[in-house]
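Structure, as structure tokens:
Letters A, B, ... are given to chains in the order of the sequence lines, protein chains preceding strands, and every chain is numbered from 1.
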There are 2 protein chains.
Amino acid sequence: MDQRVKKKATIYDLSVLSGSSPSTVSAVLNGTWRKRRIKESTAQTILGLAELHQYTTNLQARGLRRSRSGLVGLMLPVHDNRYFSSMAQTFEGHVRSRGQCPVVVSASRDPEEERRTAETLISYSIDQLFIVGATDPDGVHEVCEPAGLRHINIDLPGAKAHSVISDNYEGARMLTEAIIRRFGNDDPLRPDELFLFGGRNDHASRERIAAFHATKKALLGADPEDGVQSSGYSPDITLRAFEAFYQRHGKLPRALFINSSINLEGLLRFMAGRPAEMFSELVVGCYDYDPFGSFLPFSVIMVRQNVEAMITKAFELIDGPTTTPQTFLIAPELIQPRSALKGPLDTLKDIA
Amino acid sequence: MDQRVKKKATIYDLSVLSGSSPSTVSAVLNGTWRKRRIKESTAQTILGLAELHQYTTNLQARGLRRSRSGLVGLMLPVHDNRYFSSMAQTFEGHVRSRGQCPVVVSASRDPEEERRTAETLISYSIDQLFIVGATDPDGVHEVCEPAGLRHINIDLPGAKAHSVISDNYEGARMLTEAIIRRFGNDDPLRPDELFLFGGRNDHASRERIAAFHATKKALLGADPEDGVQSSGYSPDITLRAFEAFYQRHGKLPRALFINSSINLEGLLRFMAGRPAEMFSELVVGCYDYDPFGSFLPFSVIMVRQNVEAMITKAFELIDGPTTTPQTFLIAPELIQPRSALKGPLDTLKDIA
DNA sequence: AGTTTCTGCACCATCGATTGTGCAAGCGAA
DNA sequence: TTCGCTTGCACAATCGATGGTGCAGAAACT
């Protein structure tokens with residue numbers, strides 16, 4: 001009766017066992033049986049057998065037939081970062097609550113990899129794709145479009161699909177202002193004491209850098225040329241940028257605008273091995289929020305992007321009618337030093 | 001010629017275009033054509049057409065036929081944590097390099113959700129499943145086993161499949177010792193000044209707590225009863241535990257063993273709003289490594305679990321022959337305060 | 001009784017790729 | 001010329017589920 005390594009039961013097995021046809025079994029199991037006028041008692045019999053034999057639908061077969069899979073994809077640049085991992089966490093919650101299956105993959109900020117990853121996901125007939133922080137969103141679009149795959153950009157905008165992004169300009173403006181105001185009037189910050197580290201040539205960086213420049217000029221009256229040190233999204237390149245700066249000036253600036261928490265890790269690498277006291281007066285503004293980052297032993301003002309709102313808006317758009325691509329800005333929030341905010345994990349219940 | 005919303009090309013389309021049979025096309029496209037003695041020129045023709053029409057294999061169909069999908073699953077408790085997200089990052093690298101597609105999902109430490117998630121993944125015919133930090137690994141096993149799905153436990157062990165876990169006892173021993181030794185001889189730590197916060201009734205917590213007790217006893221000569229405050233894997237419960245402690249004692253202990261970085265977030269929540277100076281003498285040992293956590297404004301000694309080694313070992317085992325379930329310990333590493341270590345992101349190239 | 005309308009379900013093609021098997025044409029040897 | 005072997009491919013069943021269509025038998029109606 002109960003064979004050991006039995007293959008999974010199929011509708012055909014249940015069909016034989018119940019004496020009904022496979023199509024009837026199928027209808028019963030996928031819930032369309034009332035529409036197909038299957039007798040209540042027949043349905044119960046089949047459901048009972050399904051339970052008994054631990055039937056589970058082969059979703060690949062269903063996906064093949066329906067040409068949809070029930071999978072919803074999230075493509076991240078990287079996992080290992082609180083901003084993106086909270087994105088994944090939030091995304092999962094939303095997808096689960098819709099009865100679909102979340103699939104999270106990363107594409108390493110490599111345009112080629114991004115396209116390949118999208119291709120692969122498409123081959124599995126995923127239903128929707130959320131493209132987060134892609135280096136080349138429109139390249140991914142070119143892959144999704146012919147496949148008829150609904151997709152949306154998050155964090156970095158594309159021209160060919162709706163985008164939901166953080167209001168980087170306003171966030172960076174607030175942040176720059178907060179950095180500057182952090183210094184009292186007795187020893188105010190001078191324009192050549194505030195530098196931006198990180199960033200590359202993407203939309204977010206450009207906006208932030210523009211706001212940085214504008215705000216410096218507006219509040220400090222000037223903005224020297226060399227105020228921005230691009231160092232991509234790499235801790236190590238950022239480390240080298242700090243070392244080069246230190247080499248040249250013999251010290252770090254009094255105030256730093258750090259383009260992302262990844263770059264902030266670069267700053268830590270610079271600090272490691274150097275005495276903590278060297279940095280106690282430092283004021284850092286960091287785009288992105290990380291709870292531990294917020295408590296570092298110097299002032300760290302952070303900007304928390306509203307991940308929940310971004311994901312919510314993205315779902316709204318991806319389900320809505322297709323219209324001309326638009327970019328939607330979500331307001332981020334300025335976070336004062338030493339703030340431990342709730343995150344997506346707080347919605348999970350836990351036992352002690 | 002180039003229709004707009006054309007469906008994706010199939011082997012049947014290419015079959016018509018090339019004048020070959022679908023089976024020939026299939027063989028050419030999946031690389032088995034030499035074995036099937038297909039002429040070189042025929043193959044070239046078909047490959048050319050495939051290129052031209054942007055053919056991509058429908059992996060659901062292939063998966064259905066082969067009853068394997070090319071997907072490799074990673075089931076995490078949560079995404080939003082550096083330990084688990086670095087696990088995901090490392091895992092992705094390994095799976096990609098094997099030409100398969102990584103699928104990362106979280107199951108919220110809920111046994112029911114863990115089983116459901118495994119069921120779902122099985123329905124997609126995933127090839128292997130890596131089960132990380134599951135609350136009920138053996139429950140998941142019961143789901144995988146009948147489906148013939150190869151699986152392995154990581155971080156928390158199960159009895160029914162191989163497990164690769166951190167050497168929690170040794171890690172906690174080193175950590176406890178390091179905490180104690182951090183205090184000089186002129187003002188040594190007393191047994192009632194060192195408390196453990198976090199942990200629940202899982203294998204990792206039990207091992208760590210055991211080592212904590214043993215090491216305290218060995219080095220401090222005593223170990224009061226109330227030295228352990230369980231607070232699960234929740235920042236908020238941990239916060240409440242600290243508040244309760246503070247209520248009772250009017251202060252925090254001089255030294256803390258924090259069971260995981262998630263609990264460390266609970267400590268931050270306690271600190272938020274209270275003056276930083278209150279904690280400057282605090283010595284914290286935290287199981288798990290987080291670069292920002294390492295630089296907090298008090299001594300934070302951390303334990304870095306060797307994720308890379310764990311994943312490597314796990315792949316080795318999951319591909320190897322099936323034998324009696326064993327548990328493999330991977331040595332973790334003690335990390336001194338203010339250390340900024342390289343992580344999985346450092347293997348990615350980035351541009352400035 | 002004869003006709004129409006429901007009920008309740010079975011039949012069968014289909015999704016796209018894989019793979020065991022069969023077979024004709026070509027070629028060399030006897 | 002005939003036998004036998006190789007080459008090069010086509011055929012068809014199959015994976016499991018879905019959904020349009022058709023059709024008996026029962027019920028309702030005239």
Any residue of residues 22-29 of chain B with a heavy atom less than 4.0 Å from an atom of DNA chain D: B:S23, B:T24

Those residues that, when tested against B:H94, pass ring-ring contact (aromatic ring centres under 6.0 Å, His included) (two or more places apart): B:F315

What residues, two or more places apart in sequence or in another chain, satisfy ring-ring contact (aromatic ring centres under 6.0 Å, His included) together with B:H162?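 Partners of B:H162 under the ring-ring contact (aromatic ring centres under 6.0 Å, His included) test: B:F328.
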
How sharply is the helix from C:dA1-D:dT30 to C:dA30-D:dT1 bent, taking the axes over five pairs at either end and rounding to 10 degrees?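 End-to-end axis angle for the helix from C:dA1-D:dT30 to C:dA30-D:dT1: 60°, rounded to 10°.
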
Between atom [atom1] in [X] and atom [atom2] in [N], what is the gap in whole Å?
{"X": "A:R65", "N": "C:dC12", "atom1": "CZ", "atom2": "P", "answer": "16 Å"}
{"X": "B:L59", "N": "C:dC15", "atom1": "CG", "atom2": "C1'", "answer": "14 Å"}
{"X": "A:W33", "N": "C:dG8", "atom1": "CH2", "atom2": "C1'", "answer": "12 Å"}
{"X": "B:N58", "N": "D:dC15", "atom1": "CG", "atom2": "C1'", "answer": "13 Å"}
{"X": "B:L64", "N": "C:dT19", "atom1": "CG", "atom2": "C1'", "answer": "14 Å"}
{"X": "A:Y12", "N": "C:dC11", "atom1": "OH", "atom2": "C1'", "answer": "12 Å"}
{"X": "A:K39", "N": "C:dA10", "atom1": "NZ", "atom2": "C1'", "answer": "14 Å"}
{"X": "B:I38", "N": "D:dT7", "atom1": "CD1", "atom2": "C1'", "answer": "10 Å"}

OP1 or OP2 of [N] versus the side-chain N and O atoms of [X]: is any pair under 4.0 Å?
{"X": "B:N30", "N": "C:dT18", "result": "yes"}
{"X": "B:S21", "N": "D:dA10", "result": "yes"}
{"X": "A:Y124", "N": "C:dG16", "result": "no"}
{"X": "A:R62", "N": "D:dT18", "result": "yes"}
{"X": "B:R66", "N": "C:dT18", "result": "yes"}
{"X": "B:T42", "N": "D:dG8", "result": "no"}

Go nucleotide by nucleotide along DNA chain D from the 5' end; which of B:S41 and A:T56 gets its closest nucleotide reached first? B:S41

Counting the atoms with a prime plus P, OP1 and OP2 as sugar-phosphate, which does B:T57 contact under 4.0 Å by heavy atoms, base, sugar-phosphate, or nothing? sugar-phosphate

Would you indicate what B:T32 reaches in the nucleic acid, counting non-hydrogen atoms under 4.0 angstrom: base, sugar-phosphate, or nothing?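 Touches nothing.
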
For nucleotides 21-27 of chain D, read 5' to 3', which letter fits each nucleotide if B means a protein heavy atom sits under 4.0 Å from the base, S means only the sugar-phosphate is that close, and - means neither? B------

Restricting to non-hydrogen atoms, name the atom on A:L74 and the atom on A:A88 that form the minimum distance, rounded to 0.1 Å. CD2-CA, 3.7 Å

Inspect the contact between B:R116 and B:E119 and indicate whether a charged nitrogen and a carboxylate oxygen are less than 4.0 angstrom apart. no

Ion pair check, B:D319 and B:R98, cut-off under 4.0 Å: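 Salt bridge flag = yes for B:R98 with B:D319.
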
Could you pull out all residues at least two apart from B:E142 that satisfy salt bridge (charged side-chain N to carboxylate O under 4.0 Å, His left out)? B:K160

Show me the donor-acceptor pairs, under 3.5 Å and distance only, between side chains in residues 32-41 of chain B and residues at least two apart or in other chains.
residue: B:T32; atom: OG1; partner: B:N30; partner atom: OD1; Å: 2.7
residue: B:E40; atom: OE2; partner: B:Q44; partner atom: NE2; Å: 3.2

Cut-off 3.5 Å, no hydrogens considered: what does the side-chain donor-acceptor table look like for residues 62-73 of chain A, sequence neighbours left out?
residue: A:S69; atom: OG; partner: A:L71; partner atom: N; Å: 3.0
residue: A:S69; atom: OG; partner: A:S125; partner atom: O; Å: 2.7

Counterpart residues, side-chain contact (heavy atoms from CB on, under 4.5 Å), relative to [X] (two or more places apart):
{"X": "A:S21", "answer": "A:S23, A:T24"}
{"X": "B:A314", "answer": "B:F130, B:I152, B:I154, B:V164"}
{"X": "B:A107", "answer": "B:M75, B:E113, B:E114, B:T117"}
{"X": "B:P344", "answer": "A:D80, B:S86, B:Q89, B:T90"}

